[in-house]
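One structure is given here, and the rest of the page talks about it.
Chain letters run A, B, ... following the sequence lines, proteins first, then strands; residues in each count from 1.
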Number of protein chains: 2
Amino acid sequence: MVVNKKIISRFSQYRKALIRFQELGMVKVFSDTLAEAVGVTSAQVRKDFSLYGISGNKRGGYQINGLLDELQAILGKDKIQKVIVSGCGNIGRALIRYTGFEPERIQIVAGFDDDPSKQGRIDALPILPLDAMKDFVSRNRIQIGIIAVPDSAAQPVCDTMVAAGIRGILNFAPIRLKAPDEVVINNVYLQMELENVIYFVNALTKKPRR
Amino acid sequence: MVVNKKIISRFSQYRKALIRFQELGMVKVFSDTLAEAVGVTSAQVRKDFSLYGISGNKRGGYQINGLLDELQAILGKDKIQKVIVSGCGNIGRALIRYTGFEPERIQIVAGFDDDPSKQGRIDALPILPLDAMKDFVSRNRIQIGIIAVPDSAAQPVCDTMVAAGIRGILNFAPIRLKAPDEVVINNVYLQMELENVIYFVNALTKKPRR
DNA sequence: TAGATTGTTAATCGATTAACAATC
DNA sequence: TAGATTGTTAATCGATTAACAATC
């Protein structure tokens, strides 16, 4: 992968901050202001932008409107992104019902689960057996999938997704998935994130200063 | 913060891999083998261990048992970690019901939500109003909290947690929380993780090679 | 002993930041 | 014009890796 994951995360955060600024009626912004809002240095902001050929005005900062357009395009916000979810247990169902995606133009269009008791519909969203994935994905030209199944099912589900034509996966199973290089995989390891917090809390309480 | 977040994440992963190895009946392991399982270099593994004073045998690798004990201690697995969840909507409820925490000795002991329709119990777990947090936290000596409330409520809930004595927070709200330096905050920005996948999928499909 | 693996040092790599010339 | 901010280069910082002496 050529570009860094972190710069894209920052773009997401810049975007969020800019939307807030815009709502406050602001029209332009300095690298300094944006940096502060996101918690990075102003050099970082300017570097990031220049790396993507985004330029401002030498003394007037950046036009929020134009800047947002550029970021939207980079992040693929210019069109609605359709996503499927595999595994409709606790996490899967929460994601399906999660209201934070819609305003970001991310739309979950179907769930998949082989447990018949979960098939049918969740809030108007069809929940289908895994068998139906390939057909559904190609028919609707889906590129992105979320894996929210238990450990043991994660790799086979991943294989099914890849075979169905999915190009990018957000994985919640605490497993390192094997997939061809051209498939993008991003892992969200919940226990690990929590363990991280626990470690640092323990570390700080043990040696109070240092 | 003195130590790096990434090394702790790797410790979590080493630990998981070692448990798998142990289940396979393995007794000792080489840095090479462990590295492969986690997807890092063997130098990384040895460096990480030596940084924490963990040593192996010059020709016999590492004893899995002893290694696990050390990692458990570092990660705070030597005792059960009690955690509270604030916000019992989609995400909060999913975390409460999530079965992946228990085997990791992470125990969610209460939920908090000011919506009376959510108060009561979820699967035997008490769901209380935020008012009750301070008392509950100090009585049960809780140090860790999860924030799974909508944007606008996140900062006040964070303040409540800090006031109640919480030392570490795992935050799911797409917001940068403000808290005193000694409070550890780890953010899980779900939209951002998905946006990352979307970006790289788009980037790869646009310029197929490079 | 010969061979293999650790532990650590030094080299490399990449990302962040400081600094400043260009310029509006 | 004087002042302020961008865009970029060079310096710094930190993390990863290569390499190898120590040693079991």
Side-chain angles (χ1 to χ4, degrees), chain A residues 1-14 17-18 21 26-68 70-71 74 176 192 196 199-200 203 210, chain B residues 1-14 17-18 21 26-68 70-71 74 176 192 196 199-200 203 210:
Chain A
M1 225 172 267
V2 196
V3 192
N4 194 281
K5 213 183 113 163
K6 288 166 98 176
I7 191 176
I8 303 303
S9 296
R10 284 198 298 270
F11 278 147
S12 285
Q13 294 181 271
Y14 296 150
L18 288 169
F21 289 156
M26 290 165 65
V27 170
K28 55 183 197 176
V29 70
F30 300 131
S31 58
D32 222 22
T33 322
L34 191 51
E36 232 243 78
V38 171
V40 299
T41 63
S42 65
Q44 182 79 270
V45 171
R46 297 197 298 277
K47 188 86 196 252
D48 285 347
F49 288 170
S50 88
L51 219 60
Y52 276 75
I54 299 174
S55 56
N57 308 50
K58 269 274 149 55
R59 217 179 57 87
Y62 300 81
Q63 212 69 21
I64 292 182
N65 255 332
L67 196 48
L68 264 174
E70 307 247 31
L71 293 180
I74 291 168
R176 206 160 65 97
M192 213 175 71
N196 241 297
Y199 169 83
F200 285 107
R210 186 245 190 270
Chain B
M1 226 171 269
V2 196
V3 193
N4 193 281
K5 215 182 110 163
K6 287 166 100 177
I7 190 176
I8 303 304
S9 296
R10 284 198 299 269
F11 279 147
S12 287
Q13 294 179 271
Y14 296 151
L18 288 168
F21 289 155
M26 291 168 64
V27 170
K28 55 184 197 176
V29 70
F30 300 131
S31 57
D32 223 22
T33 322
L34 191 52
E36 233 244 76
V38 170
V40 299
T41 63
S42 65
Q44 182 78 268
V45 171
R46 296 196 299 275
K47 188 86 196 251
D48 286 347
F49 287 170
S50 89
L51 220 61
Y52 275 75
I54 299 173
S55 56
N57 307 47
K58 270 272 150 57
R59 216 179 59 88
Y62 301 83
Q63 210 68 20
I64 293 184
N65 255 334
L67 196 47
L68 263 174
E70 306 248 30
L71 294 180
I74 292 169
R176 204 159 67 96
M192 216 175 70
N196 241 298
Y199 168 84
F200 285 107
R210 188 237 189 280

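Within 4.0 Å of A:Tyr62, counting heavy atoms only, lie sugar-phosphate atoms of the nucleic acid but no base atom. Contacts of A:Lys6 with the nucleic acid, taken as non-hydrogen atoms under 4.0 Å apart, involve only primed sugar atoms and P, OP1 or OP2.
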* May I have the step-by-step check of side chain to side chain contact (heavy atoms under 4.5 Å, CB included) for A:Tyr14 and A:Val40, ending in yes or no? => CA-CA 10 Å; A:Tyr14 296 150; A:Val40 299; 4.0 Å; yes

* To do: Decide ring pair (Phe, Tyr, Trp, His ring centres under 6.0 Å) for A:Tyr52 and A:Phe11; before the verdict, give the C-alpha distance in whole Å, the side-chain angles of both, and the deciding distance to 0.1 Å.
  => CA-CA 11 Å; A:Tyr52 276 75; A:Phe11 278 147; 5.0 Å; yes

* To do: Given side chain to side chain contact (heavy atoms under 4.5 Å, CB included), test B:Ile74 with B:Ile54 step by step and report yes or no.
  => CA-CA 11 Å; B:Ile74 292 169; B:Ile54 299 173; 4.0 Å; yes

* Going through the distances and angles, do A:Phe200 and B:Ile8 end up as a side chain to side chain contact (heavy atoms under 4.5 Å, CB included)? -> CA-CA 9 Å; A:Phe200 285 107; B:Ile8 303 304; 4.1 Å; yes

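Within residues 26-43 of chain B, the residues having any heavy atom under 4.0 Å from DNA chain D are, by residue number, B:Thr41, B:Ala43.
Between the NZ atom of A:Lys47 and the P atom of D:dT6 there is a distance of 16 Å, given to the nearest Å. Atom-to-atom, CZ of A:Phe49 to P of D:dT8 comes out at 14 Å; the value is rounded to the nearest Å. Distance CD (A:Gln44) to P (C:dA15): 10 Å, rounded to an integer number of Å. Taking atom CD1 on A:Ile54 and atom P on D:dT8, their separation rounds to 13 Å, with Å as the unit. Rounded to whole angstrom, the span from the CG atom of B:Asp48 across to the C1' atom of C:dT8 amounts to 14 Å. In this entry the distance linking CG of B:Leu67 with P of C:dT6 reads 11 Å, nearest Å.
To the nearest 0.5 Å, atom CZ of residue A:Phe49 and atom CD of residue A:Gln44 are 10.5 Å apart. Between the CG atom of A:Asn196 and the CD1 atom of B:Ile7 there is a distance of 11.0 Å, given to the nearest 0.5 Å. Atom CD of B:Gln63 and atom CD of B:Glu70 lie 12.0 Å apart (nearest 0.5 Å). Put simply, OG1 on A:Thr41 and NZ on A:Lys47 are 10.5 Å apart, with the number rounded to the nearest 0.5 Å. Rounded to the nearest 0.5 angstrom, B:Leu67 CG and B:Leu34 CG are separated by 7.0 Å.
At the phosphate of D:dT16, OP1 or OP2 sits under 4.0 Å from a side-chain N or O atom of B:Arg10. Look at A:Asn57 and you won't find any side-chain N or O under 4.0 angstrom from OP1 or OP2 of D:dT5.
Here the closest non-hydrogen pair linking B:Met192 and A:Gln13 is SD-CG, 3.8 Å. When all heavy atoms of B:Lys28 and B:Gly60 are compared, the pair lying nearest together is CD-O, 3.4 Å.
Between the axis at the start and the axis at the end of the helix from C:dG3-D:dC24 to C:dC24-D:dG3 there is an angle of 0°, using five pairs per end and rounding to 10 degrees.
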Where do N or O atoms of nucleotides 20-23 of chain C meet protein N or O atoms at under 3.5 Å, pair by pair?
none

